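What follows is a single structure, written as structure tokens, with notes after it.
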Amino acid sequence: MKATTKDAYKLMHDGAIALSQMEANGICIDVDLLEKTTVKVAKKIKTIQEELEKDELWKEWLKVYRKKANMGSRYQMADMLNKVHGFTKSTQDPKKKLSVDEKALLELDIPFIKRYLRMEKLKKLHSTYLKGIYREIVDGLLHPSFNLHLVRTGRSQSNLPNFQNIPIRDPKIGKLIRSCFVPRAGRVLVEIDFGSLEVRVSCCYNKDPALIEYIRDSSKDMHRDMAMECFMLPQEEVTKEIRFYAKNQFVFPAFYGSYFGQMAPDLWESVTKTKLITVSGLRLVDHLKNKGIKRLGIKDDVRPRTFMHHIREVEENFWGERFPVYAQWKWDWWKEYQKKGWFQSLTGFRELGVYAKNDVVNHPIQSSAFHCLLWSLIETQHWLNRNKMKTLLVGQIHDSILADVPENEIEKYISHVIEVTTVDLPSHWRWIIVPLEVEVETSSTNWWEKQKVKV
DNA sequence: TACTTCGGCGCC
DNA sequence: AAAGGGCGCCGAAGTA
């Protein structure tokens, strides 16, 4: 990726400096709590492992693998499940080793698996997060690296430790680790996130009027609307959870270039494996049954009255009727690249070389979205320096900034960042043709307890 | 023992 | 027409 203008170069130059200041600042860790949590989690892992060792499956396992038996080995696990329970994955590539990820394992409904997966989650927490973070602490502070020059799409990456993948979605796991991230004494953590930044930036490329309208009109809700279509529900029957699945297993995958053959099985699994229910308490499986859809079907031979068929129609409608301008942009952008051999982002970075279609349409959106964050971060850091403020920027996660802020600077800091992100940024880059929004969260205790702030 | 590759899984 | 974008870190297993 190459900067084509002075401004594009300057973004990298100033960005690298701002990020290095962030690295030097570091984020405060409650080391005592981290140590206690590590011991607690290790004990829990041991307890579960001992329970699992009483299982018949493990006794068979010992007979087969003897001294080499290792519960942490997914390969052995697959082999034993196959031997004892006749397990084979439904969508297995015959040329590959039998896969045993969480999804495959959940196809088996046996108690051993439930416990095993709970233990694996705790092991991930223990090794990657609790121990991995502990290892990097210096004088109570963690200094993750943030690099600008390594990611193909122009985003940043973070390592030693990676600050950009600390658990949050699983509430039990998220709480255990994020509670260890604390503000310095007398301060609060303030996290400011752009709302739906990539979708907004995509509008600036594709200029699809329907998509722009979803952004401009806050009473409209794209994910709710797609939940209605995917699950054949009236608006008032869509729960938050149903909307969540439509968003993460249809809308985003579709935007990133997925298709019904991939999306329908994922959605179907959510419908059948998690007990999704509608607002009035009907199970979603039964609701779809009432609508005449009783099975998933297969992608290579799509039959009417299957979920596969239904999602194929939803997808056709999504690109053909709902967002045709976006679909056309993707096509034109791709054709243009094929002609020239390169494509260029709105922030002035050019990618020259051999790329797949999904890369060509996704990279510029992802990079420009990150550049919005980077520009805001640079501006904010410069302002903090100029005004000799005590606020410290301590972390960045693609579309959000985490700061450690003294009590008496909270209001000033928040209102300034809002100004930078929602006013200064769109006036600096005139290609930003949709409003930008941010969400502010603060906590005086730790990173898990952050609470939304009305702005 | 040291290193690499792979599958798996954490985040946006 | 083809068919999900981007990362880093871990343990297991294979290789030198």
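Remember, predicted model here, so these are calculated numbers, not experimental data. Residue numbers begin at 1 in each chain, while the letters A, B, ... track the order of the sequences.
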Does C:dA3 have OP1 or OP2 sitting under 4.0 Å from an N or O in the side chain of A:Gln262? no
Does any N or O donor sit under 3.5 Å from an N or O acceptor when you compare the side chain of A:Asn165 with the base of B:dG10? yes
Heavy atoms under 4.0 Å, any strand shown: does A:Ile166 hit a base, just sugar-phosphate, or nothing? sugar-phosphate
A:Leu122 atom CG is separated from B:dG8 atom P, nearest whole Å, by 20 Å
Any chance the rings of A:Phe260 and A:His309 have centres within less than 6.0 Å? no
For C:dG6, does OP1 or OP2 lie under 4.0 Å from any side-chain N or O of A:His398? no
Hey, would you say the A:Tyr205 and A:Tyr326 ring centroids sit under 6.0 Å apart? no
Counting any heavy atom closer than 4.0 Å, what does A:Ser400 reach on the DNA or RNA strands: base, sugar-phosphate only, or nothing? nothing
Between C1' of B:dG10 and CG of A:Leu117, the distance in whole Å: 15 Å
For the side chain of A:Ser258 and the base of C:dG4, is some donor closer than 3.5 Å to an acceptor across the two? yes
Using OP1 and OP2 only, check whether a side-chain N or O of A:Arg135 sits under 4.0 Å from C:dC10. yes
Distance flag, aromatic centroids of A:Phe343 and A:Tyr355, threshold under 6.0 Å: yes
Can you check the A:Asp300 CG to C:dA3 P distance for me, whole Å? 13 Å
Between the base of B:dC9 and the side chain of A:Lys124, is there a donor-acceptor distance below 3.5 Å? yes
Classify A:Glu102 by what it touches in the nucleic acid, base, sugar-phosphate, or nothing, heavy-atom distance under 4.0 Å. sugar-phosphate
Side-chain donor/acceptor contact of A:Arg155 with base of B:dC12 under 3.5 Å: yes
Could you state the NZ-C1' distance from A:Lys357 to C:dG5, rounded to the nearest angstrom? 14 Å
